[in-house]
Amino acid sequence: EEEGLFKLEHKKKIPYLPKKIGVITSLTGAVIKDIIHRVTDRFPVHLCIWPVMVQGGNAAEEITTAINGFNLLDDGIKPDVIIVARGGGSIEDLWPFNEEIVVRAVFNSVIPIISAVGHETDYTLIDLVADLRAPTPTAAATIDSPVESDSKDNVPILPAVVSESPNNDIEEIGRAH
């Protein structure tokens with residue numbers, strides 16, 4: 001709190017029409033499937049997935065490595081926004097998202113970050129430092145990907161954006177473990 005890590009003035013704006021969304025989560029849970037499904041249904045965008053452990057002894061380090069890794073990518077492949085996600089669990093399961101190294105990595109990220117950890121009633125320190133907190137991982141994908149038909153009526157530049165973006169491309173960028 002003293003360092004201003006949670007202050008609103010440090011929050012970055014979440015892009016309305018990202019061309020690339022970075023996702024940091026486990027590949028083995030329902031969370032990644034939900035995010036892919038939601039984005040695929042709503043708006044064609046390139047997903048860059050950085051698989052990590054989301055609980056346990058190495059999780060905080062892997063999450064930090066993924067956040068820093070996305071930020072170190074060249075501008076051509078760097079995502080426009082990052083979703084850090086995991087499903088619900090006990091406070092012990094969610095603890096890596098309270099670790100100082102994760103909080104500082106989120107704060108120092110030049111890429112806007114959406115925290116999507118746990119369920120609506122779960123709160124971790126990453127929620128306070130992130131540029132936006134989504135109540136669930138599925139909600140994060142919804143926030144980050146408008147419904148394509150709605151966007152066509154409201155954004156005149158959409159055809160150029162859609163024609164330049166891959167049609168729901170999904171790639172695995174890095175592996176922290």
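All figures in this text were calculated on a predicted structure; none of them were measured in a lab. Atoms considered below: every heavy atom in the structure, side chains included; atoms not considered: hydrogens, waters and symmetry mates.
- In this structure, the side chain of Glu62 engages the main chain of Met53 through a donor-acceptor pair within 3.5 Å.
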Test side chain to side chain contact (heavy atoms under 4.5 Å, CB included) on Trp50 and Ile82 and set out the steps. CA-CA 10 Å; Trp50 196 307; Ile82 298 170; over 6 Å; no
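- His37 meets the ring-ring contact (aromatic ring centres under 6.0 Å, His included) test with no other residue; sequence neighbours excluded.
- Screening Asp131, Val110, Val81, Ile111 against Lys12 for a side chain to side chain contact (heavy atoms under 4.5 Å, CB included) leaves a single residue, Asp131.
- Under the 3.5 Å distance criterion, the side-chain polar atoms of Asp41 are left unmatched by any main-chain donor or acceptor of Arg38.
- Remark: Ala130 engages Val106, Ile113, Ser115 in a side chain to side chain contact (heavy atoms under 4.5 Å, CB included) (not counting sequence neighbours).
- Across Ile77 and Cys48, no two heavy atoms sit closer than the pair O-SG, 4.5 Å.
- Between atom CD1 of residue Ile35 and atom OG1 of residue Thr40 there is a gap of 11.0 Å, rounded to the nearest 0.5 Å.
- Checking side-chain atoms of Thr25 against main-chain N and O of Ala85 turns up a donor-acceptor pair under 3.5 Å.
- Hydrophobic cluster membership is shared by Ile114 and Ile36, with clusters built from Ile, Leu, Val, Met, Phe, Trp and Tyr side chains linked at under 4.5 angstrom.
- Residues Tyr123 and Ile83 do not share a hydrophobic cluster, defined by chaining ILVMFWY side chains whose heavy atoms lie under 4.5 Å apart.
- Looking only at side-chain heavy atoms (C-beta outward), Val39 and Val23 stay at 4.5 Å or farther from each other.
- With a 4.5 Å cut-off between side-chain heavy atoms of Ile, Leu, Val, Met, Phe, Trp and Tyr, the cluster of Leu8 takes in none.
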Pairs under 3.5 angstrom only: tabulate donor-acceptor contacts from the side chains of residues 92-102 to other protein residues two or more places apart or in another chain.
unit_1 : atom_1 : unit_2 : atom_2 : d
Glu92  : OE1    : Ser90  : OG     : 3.2
Asp93  : OD2    : Ser90  : N      : 3.4
Asp93  : OD2    : Ser90  : OG     : 3.4
Trp95  : NE1    : Glu99  : OE2    : 3.2
Asn98  : OD1    : Leu125 : N      : 2.7
Glu100 : OE2    : Arg104 : NE     : 2.7
Glu100 : OE2    : Arg104 : NH2    : 3.2

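- For Val31 against Pro137, the heavy-atom pair with the smallest separation is CG1-CB, 3.7 Å.
- The two atoms that bring Pro112 and Pro15 nearest to each other are CG-CD, 4.2 Å, heavy atoms only.
- The closest donor-acceptor contact from the side chain of Lys20 to the backbone of Gly76 lies under 3.5 Å.
- Within 6.0 Å of CG on Asn68 lie more than 12 heavy atoms contributed by other residues, nucleotides or ligands.
- Taking the side chain as every heavy atom from C-beta outward, Leu73 and Pro79 approach each other to under 4.5 Å.
- His119 meets the side chain to side chain contact (heavy atoms under 4.5 Å, CB included) test with Asp122; sequence neighbours excluded.
- Side-chain contact, Thr138 with Thr136: no donor N or O sits under 3.5 Å from an acceptor N or O.
- The side chain to side chain donor-acceptor pair (under 3.5 Å) analysis of residues 69-81, with sequence neighbours excluded, yields the pairs Asn71-Ser109.
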